[in-house]
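Read the structure below first, then the notes.
Keep in mind that the numbers below use all heavy atoms, side chains included, and drop hydrogens, waters and symmetry copies. This is a predicted model, so every value here is computed, not measured.
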Amino acid sequence: MSRRQLVRPDAGGWGLDDDDTGCTVLHVDMDAFYASVELLRRPDLAGTPVIVGGGERGVVLSATYEARRYGVHAAMPMARARRLCPPATVLVPHHEDYARISAGVMEVFRSVTPLVEPLSLDEAFLDVSGAVRRLGSPTRIGELLRDRVADEQGITCSVGVASTKFVAKLASGGAKPDGLLVVPHAQTVAFLHALPVEALWGVGDRTAEALGRLGLRTVADIAHTPLTTLVRGLGEATGRHLHALAWGRDARRVLASVPERSIGAEETFPRDVDDPRYVHRELLRLAGRTASRARAQGLAGRTVVLKVRFADFTTITRSRTLRERTDVTQEIHATARDLFDALALDRARLRLVGVRLEGLADSATAPRQLLLGERTHGWREADGAVDRAGARFGAGSVRPATLLPRR
DNA sequence: TCTGGGGTCCTCTCCCTA
DNA sequence: TCTGTAGGGAGAGGACCC
């Protein structure tokens, strides 16, 4: 596979030959991950515009760089993407492939250092301080990773090398596609101050707007604004957070395991619906997905959150905290259904419903008290049987009768 | 232009309790 | 018993990220 030769001469002069002493945090990001994986199935499309996404109301999941030249980007509505890039081949996503390739990539990372913190399927932070003596400088390790990912998984990635997570992430973005960028520790502040405020982690449209109202356009502007002004304009947490980042201060360490805080499932209907019976069935399906994922991870949650999005895109949530944690489909469904019924919607047109489980803890240690008269063999055992059948015959092989297709 | 799905974190408000 | 207050938990919504 032919690969680009590293680094970015246009990124301000930092690159492979710079001093990477103390730059032991790597951020590795796959290039156009979903699209690249699809090209493994369809090598005939290499070098052409490809958009991965689908559904009548879907958005772009990923696009090749050839499609991006037309202005297509992730999260863009599919209808708009097709208009912008008529020659693009549109492919439906294959999530099981992405999970498989991602697992392979993470294995490569873990063969270099145990300190791997995945952020999603296609990116991770690595702390390579313990591997330097064995494998060479952080930059050399970054190159080694890029070579191995390309050789073993057939896709390219970009690597940022820096002294903090935040700067490493910015660096990998600057190295894209298929490159590596080092930001030497001594150059961190100069690197940051040249960037627009949107580059900071946590600055989206709204925050950028608020910063604009304060007359702040660059990271340097934020750095030189009194902390009290930022806190007044943006709130305590955001103000302090942005001020610290603007000076390159980011004390977060790379953590090999970050506990999950919530698990959920949501679905946009192909068309808006107003039939409560249909919504109840959908809630059962979503509760089942949520509960089975919680059980698969050995987790149970105490708070059930219902999410409802109306046809005009306004979104509300309602939640209830239970007396005990649960991972039982029927309990989650009953709670979500109660919350939905309590809204007393008079056939309002709905676009989406979702179910989420929060307040997660290890289900093995979560206290569970049998209620008076409760059967010892009930829904929990039924869920266990469904999980076993799913593991043997495939997910969804056993499901509630109400979810069977209607004739 | 017409907006997915899975998450995390922050802020504000309300209520309960000490 | 009433009032003021402070703190914590829960609930709701919003912004943001990939």
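Using modelled atom types, one side-chain atom of A/D31 and one backbone atom of A/D178 make a donor-acceptor pair closer than 3.5 Å.
Comparing atom distances between the A/E236 side chain and each of B/dT8, B/dG5, B/dT11 picks out B/dT11 as nearest. Here the nucleotide nearest the side chain of A/T268, chosen from B/dG5, B/dT3, B/dT8, is B/dG5. Side-chain proximity of A/R351 to the nucleotides C/dA12, B/dG5, B/dG4 is greatest for B/dG4.
Taking a cutoff of 4.0 Å between a charged side-chain nitrogen and a carboxylate oxygen, A/R148 and A/D151 do not qualify as a salt bridge. A salt bridge is absent between A/R140 and A/E143; no separation between the charged side-chain nitrogens and carboxylate oxygens falls under 4.0 Å. Look at A/E117 and A/R252 and you find no salt bridge, because none of the NZ, NE, NH1 or NH2 atoms lies under 4.0 Å from a carboxylate O.
The distance between atom CG of A/L360 and atom P of B/dC9, rounded to the nearest whole Å, is 12 Å. Across the protein-nucleic acid pair, A/E358 atom CD and C/dG11 atom C1' stand 10 Å apart, rounded to whole Å. In this structure, A/R80 places its CZ atom 9 Å from P of B/dC2, rounding to the nearest Å. Spacing between atom NE2 of A/H73 and atom P of B/dC2 amounts to 13 Å, rounded to whole angstrom units. In this entry the distance linking CG of A/L352 with P of B/dG6 reads 9 Å, nearest Å. In this structure, A/R323 places its CZ atom 14 Å from P of C/dA10, rounding to the nearest Å. Taking atom CG of residue A/L339 and atom C1' of nucleotide C/dA12, one finds them 12 Å apart after rounding to whole Å. Rounded to whole Å, the distance from CG on A/L234 to C1' on B/dT11 is 13 Å.
Evaluated for a side chain to side chain contact (heavy atoms under 4.5 Å, CB included) with A/T335, the options A/T303, A/T321, A/L322 yield exactly one hit, A/L322. Of the listed residues (A/S102, A/C157, A/S120), just one forms a side chain to side chain contact (heavy atoms under 4.5 Å, CB included) with A/M30, and that residue is A/C157.
In this structure, CD in A/E123 is found 3.5 Å from NE2 in A/H27, a value given to the nearest 0.5 Å.
Distances shown here put a side-chain N or O of A/R289 below 4.0 Å from the OP1 or OP2 atom of B/dG6. Here A/R309 reaches the OP1 or OP2 of B/dG4: one of its side-chain N or O atoms lies under 4.0 Å away.
Screening residues 209-225 of chain A for side chain to side chain donor-acceptor pair (under 3.5 Å), with sequence neighbours left out, gives A/T218-A/D221.
For the C1' atoms, the distance linking C/dC16 with B/dT3 amounts to 16 Å, nearest Å. Taking atom C1' on both B/dC16 and C/dT3, the two are 16 Å apart, rounded to the nearest angstrom. Distance check on atom P: C/dC17 versus B/dC2 gives 24 Å, rounded to whole Å.
In terms of position on DNA chain B, the residue among A/F313 and A/A237 whose nearest nucleotide sits closer to the 5' end is A/F313. Taking the nucleotide of DNA chain B with the nearest heavy atom to each of A/F269 and A/R83, the more 5' of the two is matched to A/R83.
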### Summary of protein contacts for nucleotides 13-18 of chain C, nucleotide by nucleotide, where a base hit scores B, a sugar-phosphate-only hit scores S (4.0 Å, heavy atoms)
SSSSSS
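With a 6.0 Å radius and a threshold of 12 heavy atoms from other residues, nucleotides or ligands, A/H280 has its NE2 atom above the threshold.
The stretch residues 88-112 of chain A has no heavy atom under 4.0 angstrom from DNA chain C at all.
Under 3.5 Å, the side chains of A/T139 and A/D20 contain a donor-acceptor pair of N or O atoms.
Among the heavy atoms of the strands lying under 4.0 Å from A/L61 is at least one base atom, whether or not backbone atoms are also near. If you check every strand for non-hydrogen atoms under 4.0 Å, A/R302 touches sugar and phosphate atoms only.
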